[in-house]
Participant: 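What follows is a structure written as structure tokens; I'll ask about it next.
Note that this is a predicted model, so its numbers are computed, not measured.
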Amino acid sequence: MTVHNLRLRSLDFTRRGDRTAAAQLHVRLYRDDPYWRPLSVRTYCHTLDPRHADLGTVAAVGGFLAEGFIRQPMNRSYGVPVVVGSELSLGTIGLILAPPGRVARFFALEFYNDRTVCTRLLEAAWEWTTEQGAGRLQGPVAPFGSGDEGLLVDGFDQVPALLAPYHLPYYAEWVEAAAMTVRMELEMVRLLCRPTGPRFPAPEVRPLSSPPWQLLAGGEWQWLAGLQGLVRPPIAPALLATCTRLYRPDLAWGLYAGTDERRLAGLIWLLPDPYPLHRRSRLGWPSARLAGSRPPRRTRLAALALAPDSRWEDAGPILVAAALQDAAEAGFEAIEFGLYPAGDPAVAALLAPWPTTARRRYRLYERREH
């Protein structure tokens, strides 16, 4: 693709019109991808609204929209490239400055398959970052804590898990060509639910006595895996609203020391995923909506965390085993387990007793002042 007359203008995400422009580009880019979850413009606009950010977590918001024309060869015999159609939105990027103002994060990075568009957007983002007095630019992150962080780099042939990001295959190539370095790699795997499996001692696993988000908001936890937005208290309102809406008490368990409800050694919390495991059919959106009306068959790991003073050596495997068995009895087929740092030996040992059937890999990028 060849771009003509590329220019950038500022995006104000507090304005509905600018959010709609970003959402319309997102839908246009992904609508022919069979593994993308169809999102309406209205739904995507909702995630881009800064009013859904938690108070005190955002110092400034910015963004840019790339516009231009696309050159296409009209006469194949001569191969003469001409400009076709009207001006298009070619890319977007949103920016958040987090207090105390030394780190900026980018979100909603979407663009046509063109290196120049991606480079111009990230250069503009870096200029905005330095103008704000920050020395680091990191991302991509979920808009205002509404889901997971990271750019998908492997696993494009799988339907993404609930609240997990999904991107087009060419994104990583152009982002890495634009002076962005890899800060961290994250993984997500799929575990099949089995009514029988490895057994562990200490059967003190039972439903939680309180909603898990209330337990996670207080105290320090050793975070093994789960939704990245839950790691940083307080939980963002948009993420909390989604978790509350999907919460099922029979999909949240705690490991207790004896009968004392206050001595919680660890917890595991699953969210039912209403989307199917398979990709969309060629019928497109109607079939996806019909599939979404069926009972959910897979779950998403929201949190797997241990208390810092836990004395259970096998606390993690005990909780995973209980979740796999109880989820199978509830009619679920799989657990999407993640996100967690790629190659983490603790998580590798935790997952060793169970085979993984699918794996996705994500990257977080960063640019620093020299």
Participant: Do L224 and D344 come close enough that some side-chain heavy atom pair is under 4.5 Å?
Facilitator: no
Participant: With side-chain hydrogen bond (donor to acceptor under 3.5 Å, both in side chains) as the test, would you mind laying out the steps for E110 and Y171 before giving the verdict?
Facilitator: CA-CA 8 Å; E110 311 285 357; Y171 276 26; 2.6 Å; yes
Participant: Applying the salt bridge (charged side-chain N to carboxylate O under 4.0 Å, His left out) test to R360, which of E336, E187, E185 qualifies?
Facilitator: E336
Participant: Salt bridge or not for D273 and R300, using N-O below 4.0 Å?
Facilitator: no
Participant: With the side chain counted from C-beta on, respond yes when W354 and P317 share a heavy-atom pair under 4.5 Å apart, and no when they do not.
Facilitator: yes
Participant: So, do Y30 and Y44 have ring centers that fall under 6.0 Å from each other?
Facilitator: no
Participant: Assess, by modelled atom type and distance only, whether the side chains of W174 and N113 contain a donor and an acceptor separated by less than 3.5 Å.
Facilitator: yes
Participant: Are a donor atom and an acceptor atom from the side chains of Y166 and D33 found within less than 3.5 Å of each other?
Facilitator: yes
Participant: Are the side chains of Y340 and L350 in contact, using a 4.5 Å heavy-atom criterion?
Facilitator: no
Participant: Atom CZ in R9, atom CG in L65: separation rounded to 0.5 Å?
Facilitator: 4.5 Å
Participant: Just how far is it from atom CG of L186 to atom CG of L364, taken to the nearest 0.5 Å?
Facilitator: 5.0 Å
Participant: Going by heavy atoms in the side chains, are L192 and P355 under 4.5 Å from each other?
Facilitator: no
Participant: Do E333 and R190 have side chains that approach each other closer than 4.5 Å (heavy atoms only, starting at C-beta)?
Facilitator: no
Participant: Between R28 and S89, is there a donor-acceptor pair closer than 3.5 Å when you use the side chain of the first and the backbone of the second?
Facilitator: yes
Participant: For E149 and Y362, which I'm curious about, is there any donor-acceptor pair between the side chains at under 3.5 Å?
Facilitator: no
Participant: Quick check on the 6.0 Å ring-centre criterion: do F106 and Y365 meet it?
Facilitator: no
Participant: I'd like to know if the side chain of Y112 and the backbone of L29 have a donor-acceptor N/O pair within less than 3.5 Å.
Facilitator: no
